[in-house]
Amino acid sequence: MSESNFPKHIAIIMDGNGRWAKERGLKRTAGHEEGAKVVRNITIHCAKLGVKYLTLYAFSTENWSRPKLEVEYLMKLLEKYLKNELETFLKNNIRFKAIGDLSKFSKSLQNTIKEIGEKTANNSGLTQVLALNYGSKDEILRAIRKLNERNLEVNEKNFESCLDTAGFSEVDLLIRTSGEIRLSNYLLWQNAYAEMFFTSTLWPDFSTNELDYIIDDFNKRQRRFGGV
Ligand code: FPP
């Protein structure tokens, strides 16, 4: 793999946990548990490769409509994951951030998110971004409100400064697992010129080898950003 041209910002729609579990006669929650392990492996791999931003769709504004028990399980899993991950973040120089409307979460989860963000704020390698209660339409509406509140002129720069992703570079490579070919309200503005890669692999089976393959494919693509 060429090491000179890694995408700076990779965004992933981690899909297929439920199907992975079903195929094995397990509960959907077992798929999420396995998915969380893959989050760790892929994050460490991206940090080692020199990727600057890895933005992972962990819980969407639409995911609240899942069965109550699954939602509760995902909340607990997120909190457990974040608490366990601090050591990995510190060891690998990874900064943690969250995007989305966090106000809907329990105080305990909000505090954990804040604490891990603060404790990793000075790390300068990869930034792992978890999209939590995130929906792009919701983010855009909140950004418009902020623009108004701050009395800012409407232009690209000001608008971007009001998005949850303010300060991040735009997405270079978007990956979606599980064979679905859609964006599902994910980073609609930030994906404007992203290269996209859709794989049928279910998220719990997604590997660092497959990520290397996708990055190689990305490196071969010609990005023209609307030019010739
Ligand atoms: C999609 O699978 C996945 C999610 C709704 C959430 C993603 C969550 C994880 C990867 C695990 C926890 C994450 C962290 C950061 C600890 P699905 O349930 O929609 O699968 P299906 O389409 O096969 O039903």
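Counting starts at 1 for both ligands and their atoms, following the listed order.
Under a hydrophobic-cluster definition in which Ile, Leu, Val, Met, Phe, Trp and Tyr are linked whenever side-chain heavy atoms come within less than 4.5 Å, directly or via other members, Tyr193 and Ile214 are assigned to different clusters. There is a path of hydrophobic side-chain contacts, each under 4.5 Å, that joins Met75 to Leu132.
Using a 4.0 Å cut-off between charged side-chain N and carboxylate O, Glu180 and Arg19 make a salt bridge.
Remark: Thr88 engages Arg40, Ile44, Glu85, Asn92 in a side chain to side chain contact (heavy atoms under 4.5 Å, CB included) (not counting sequence neighbours). With sequence neighbours excluded, the residues satisfying salt bridge (charged side-chain N to carboxylate O under 4.0 Å, His left out) with Glu72 are Lys68.
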List of N/O pairs, ligand 1 versus protein, all under 3.5 Å?
{"from": "ligand 1", "atom 1": "2 (O)", "to": "Gly16", "atom 2": "N", "distance (Å)": "3.4"}
{"from": "ligand 1", "atom 1": "2 (O)", "to": "Asn17", "atom 2": "N", "distance (Å)": "3.3"}
{"from": "ligand 1", "atom 1": "18 (O)", "to": "Arg28", "atom 2": "NH2", "distance (Å)": "2.8"}
{"from": "ligand 1", "atom 1": "18 (O)", "to": "Arg66", "atom 2": "NH1", "distance (Å)": "2.8"}
{"from": "ligand 1", "atom 1": "19 (O)", "to": "Asp15", "atom 2": "OD1", "distance (Å)": "3.3"}
{"from": "ligand 1", "atom 1": "19 (O)", "to": "Arg66", "atom 2": "NH2", "distance (Å)": "2.8"}
{"from": "ligand 1", "atom 1": "20 (O)", "to": "Gly16", "atom 2": "N", "distance (Å)": "3.4"}
{"from": "ligand 1", "atom 1": "20 (O)", "to": "Asn17", "atom 2": "N", "distance (Å)": "3.2"}
{"from": "ligand 1", "atom 1": "20 (O)", "to": "Gly18", "atom 2": "N", "distance (Å)": "3.0"}
{"from": "ligand 1", "atom 1": "22 (O)", "to": "Asp15", "atom 2": "OD1", "distance (Å)": "3.1"}
{"from": "ligand 1", "atom 1": "22 (O)", "to": "Arg19", "atom 2": "NH2", "distance (Å)": "2.9"}
{"from": "ligand 1", "atom 1": "23 (O)", "to": "Gly18", "atom 2": "N", "distance (Å)": "3.4"}
{"from": "ligand 1", "atom 1": "23 (O)", "to": "Arg19", "atom 2": "N", "distance (Å)": "2.8"}
{"from": "ligand 1", "atom 1": "23 (O)", "to": "Arg19", "atom 2": "NE", "distance (Å)": "2.7"}
{"from": "ligand 1", "atom 1": "24 (O)", "to": "Arg28", "atom 2": "NH1", "distance (Å)": "2.9"}
{"from": "ligand 1", "atom 1": "24 (O)", "to": "Arg28", "atom 2": "NH2", "distance (Å)": "3.3"}

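Applying the under-4.5 Å side-chain rule to Ile, Leu, Val, Met, Phe, Trp and Tyr, the cluster around Leu26 extends to Trp20, Leu202.
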